[in-house]
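First up is the structure itself, then whatever we jot down about it.
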Amino acid sequence: MAVSGTVRVRIAPSPTGFAHLGTASTSLYNVLFARQNSGVFVLRIDDTDMERNRPEYEALIYESLHWLDLDWDEGPDKGGPHQPYRQSERVDLYKEHAARLLKEGNAYRCYCTPEELEAERRQAQAEKRPYKYSRRCLTNPPEGRSVFAVRFKVPGGEVTFTDMVRGEMRFDADLIGDFIIVKSDGYPTYQFASPVDDALMRITHVIRGEEHLSNTPYQLMLVDALGYERPHAYAHMPLILAADGSKLSKRKHPEANLILFRDRGYLPEALLNYLALLGWNPGTAQEIFSFDELRQAFSFERVQHAGARFDWEKLNWINGEYIRRLSDDELALRLKDFVPPLVDEETLRRAVPALKTRLPTLAQAVEYLDYLQTDPTPQAFDAETAQRIRLAIDFLKPVRWEPEAIEAALEEAIAQSGVSKGKFYNPLRDALTGRKVALPIHYAFALLPKEEALKRLERAA
RNA sequence: GGCCCGUUCGUCUAGUGGACCAGGACGCCGGCCUUUCAAGCCGGAGAUCACGGGUUCGAAUCCCGUACGGGCUACCA
């Protein structure tokens, strides 16, 4: 889609909990579109919910987005031509705009209490009539009350706009009741602050989750009433669903926490790749995309219209693909924070080639390496087995302590013992690692100091 | 309740009226390789295209209805 003027997009997460998958996904699509068009990506903190906001959640948003390498051009921490970028610091702006709407007769004060509104709503439901605010405070406001909210006087009519994913959208605004734009605590509602900021910050394309599709006519009417230019287009992206098909929520799905993905050993570029494929497809068989490839291939026309379930299995596969494509040095670097604390860098570096094809996630490395610092409980072997272990010790003793030499020595020992490889190796692996699954035996040996390895064998023999 | 968006293998999806008795990927099953586990290679099972009506010579694809799922309808965002 050709666009004149500088493209400006934004995300507006609210710091009411950890940064989650949906934020990452929406950010990705915004960044992709911005970079495709040499545009500007804005981060705005939507902290107008005084009850639930927490500064530490804002920090978590930065941390998560940085981890994913989704960098913004303007934001609270970076500044920019339209600062401040925290909505709690823009309250005066919203008040000015509300005052203007009030003065021009496009909004009015509402003194109704929550209880009264609830009663109205229930009444409508009882009469099986679609609910719209009664406009009591427009026509016949109660006397002697001082606490008020501000309501937008919905003009009605038809609201149409372009959605880059779904095409032309059309809503009947006569069905929309007058809604609140300023809460009685003086803070704006999302429905108000968002379009005001989008206009003031010159946002050209609003790319967000599908849950906002029905909100769009509300916001557009506001933009029109304020005399601002509307964004060129919207894009409402399909929702990420949990395994049971419900929408991913912070409360019900703590596993959607982005920081958790980092801590579980997912590579940020792999997560992004997976997220891109969840809701979009290239129309080709390609599954693995670098960020640059995504930038080139992505388009809203190929975005899915239905929500997609999050699938850990496929993420694990993509993550493994990325791990296998890393250079040994790079993988060693990334593994550093995940291996047992006693495993030194040199040992890790030597383990990497064997580890590489075995890791769906970085965190899985522990399972292959913890024998290095955890002494396995000694096994009881029968006399014949013990004898073969002694044979292994004899062959191992004179050997240079590295995988190839160890393997060669072991092969000779096997030839002399006359048993199969499996029969010979299994007890060795047990004695050495105490595990049924381990790295190839010659690596398992080589990673452990020679004396320690032989000590474990001798103890078993 | 009203409005909006959806519905193709378990999951993510290709498919825009004939090349589709529906293709790919993950997962699953089997084989090869192999000391274990992976990786890799080869093969396989798996979808009455939500359902019912139309339109058409012909429909997963177009139209209508129904069902189901999701979203919005909050002084949450």
Side-chain angles (χ1 to χ4, degrees), chain A residues 12-14 16 46-49 51-53 87 110 112-114 117-118 121 124-132 147-151 163 165-166 169-172 175-177 179-191 193-194 209-218 236 238-239 241 243 245-247 274 277-287 302 304-318 320 324 354-360 364 367-368 407 410 414 420-430 433 435-442 444:
Chain A
S14 60
T16 55
D46 192 344
D47 55 348
T48 54
D49 185 344
E51 310 258 298
R52 297 190 297 152
N53 289 330
Q87 291 189 322
C110 177
C112 294
T113 64
L117 294 170
E118 182 53 33
R121 228 172 276 128
Q125 201 167 31
E127 294 169 19
K128 292 197 185 301
R129 163 171 61 78
Y131 175 70
K132 266 171 82 174
V147 177
F148 65 87
V150 179
R151 266 184 204 276
D163 189 286
V165 176
R166 284 158 226 271
M169 299 301 304
R170 189 176 295 272
F171 286 85
D172 182 357
L175 267 17
I176 298 174
F179 55 94
I180 288 177
I181 56 175
V182 180
K183 300 178 256 186
S184 51
D185 65 3
Y187 277 83
T189 58
Y190 164 79
Q191 219 64 299
S194 182
E210 198 204 305
E211 72 260 38
H212 294 297
L213 188 56
S214 309
N215 288 329
T216 308
Y218 292 68
H236 289 97
L239 262 21
L241 273 21
S246 67
K247 184 191 165 192
Y274 177 65
L277 255 25
L278 203 61
W280 167 84
N281 80 80
T284 66
Q286 188 174 354
E287 302 271 346
R302 297 202 66 91
Q304 218 56 39
H305 295 193
R309 293 174 206 233
F310 190 85
D311 181 9
W312 288 93
E313 296 291 349
K314 180 126 186 194
L315 205 219
N316 285 340
W317 172 74
I318 289 185
R324 271 166 248 136
L355 240 23
K356 206 176 214 172
T357 58
R358 281 164 247 264
L359 300 179
Q364 306 265 316
E367 287 169 33
Y368 287 103
E407 187 174 24
L410 254 17
I414 289 166
S420 71
K421 265 189 180 186
K423 196 156 186 186
F424 193 87
Y425 279 150
N426 285 334
L428 291 184
R429 185 172 45 245
D430 283 352
T433 69
R435 284 177 169 272
K436 283 214 144 19
V437 174
L439 294 179
I441 196 81
H442 46 293

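Below, chains carry the letters A, B, ... as their sequence lines are ordered, and counting in each starts from 1.
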* **B:U11 - base-pair partner by Watson-Crick or wobble geometry, distances under 3.5 Å** => B:A25

Polar atom pairs (N or O), protein with nucleotides 31-35 of chain B, under 3.5 Å:
{"unit_1": "B:U35", "atom_1": "OP1", "unit_2": "A:Lys421", "atom_2": "NZ", "d": "2.4"}
{"unit_1": "B:U35", "atom_1": "O2", "unit_2": "A:Arg429", "atom_2": "NH1", "d": "2.6"}
{"unit_1": "B:U35", "atom_1": "N3", "unit_2": "A:Ile441", "atom_2": "N", "d": "3.3"}
{"unit_1": "B:U35", "atom_1": "O4", "unit_2": "A:Ile441", "atom_2": "N", "d": "3.2"}

* Asked: In whole Å, what separates the C1' atom of B:C3 from that of B:U11?
  -> 31 Å

* Atom pair CG (A:Leu277) and CD (A:Glu287), whose distance is rounded to the nearest 0.5 Å -> 5.5 Å

* Classify the side-chain pair A:Thr216/A:His236 by whether it contains a donor and acceptor separated by less than 3.5 Å. => yes

* Gap between atoms NZ and P, on A:Lys356 and B:G40 respectively (whole Å) -> 13 Å

* **Protein-nucleotide distance (A:Leu410, atom CG; B:U36, atom C1'), rounded to Å** => 14 Å

* Taking any strand in view, what nucleotide pairs with B:C57 in a Watson-Crick or G-U wobble way, both distances under 3.5 Å? -> B:G18

* To do: Would you mind reading off the distance between A:Arg129 atom CZ and B:G1 atom P, rounded to a whole angstrom?
  => 16 Å

Just the table, please: protein N/O against nucleotides 7-12 of chain B N/O, every pair under 3.5 Å.
{"unit_1": "B:C12", "atom_1": "OP1", "unit_2": "A:Arg309", "atom_2": "N", "d": "3.0"}
{"unit_1": "B:C12", "atom_1": "O2'", "unit_2": "A:Leu277", "atom_2": "O", "d": "3.4"}

* **Rounded distance in Å between the P positions of B:C5 and B:G24** => 33 Å

* Could you let me know what B:A50 is paired to, Watson-Crick or G-U wobble, both distances under 3.5 Å, or none if it's on its own? => B:U66

* Which letters describe nucleotides 72-77 of chain B, given B = protein heavy atom under 4.0 Å from base, S = only from sugar-phosphate, - = neither? -> SSSBBB

* Structure fact -> Scanning both residues in full, the closest heavy-atom pair of A:Cys110 with A:Arg151 reads SG-NE, 3.3 Å

* Asked: Looking only at N and O atoms, is any donor in the side chain of A:Arg166 or the base of B:C5 less than 3.5 Å from an acceptor on the other one?
  -> no

* Closest contact, heavy atoms only, A:Phe171 versus A:Leu213 -> CZ-O, 3.9 Å

* To do: Please report, rounded to the nearest Å, how far the P atom of B:C28 is from the CG atom of A:Asn316.
  => 11 Å

* Identify whether the distance between the nearest side-chain nitrogen and carboxylate oxygen of A:Glu210 and A:Arg166 falls below 4.0 Å. => yes

* Structure fact -> Across every strand shown, the nucleotide meeting Watson-Crick or G-U wobble geometry with B:G40 (both distances under 3.5 Å) is B:C32

* State, to 0.1 Å, how close A:Glu211 and A:Leu239 come at their nearest heavy-atom pair, and which atoms those are. => OE1-CD1, 3.0 Å

* Is there a Watson-Crick or G-U wobble partner for B:C72 with both distances under 3.5 Å, and which nucleotide is it? -> B:G2

* To do: For nucleotides B:U48 and B:U7, find the distance between their C1' atoms and express it as a whole number of Å.
  => 16 Å

* For atom C1', what is the distance between B:A22 and B:A59, given to the nearest Å? -> 13 Å

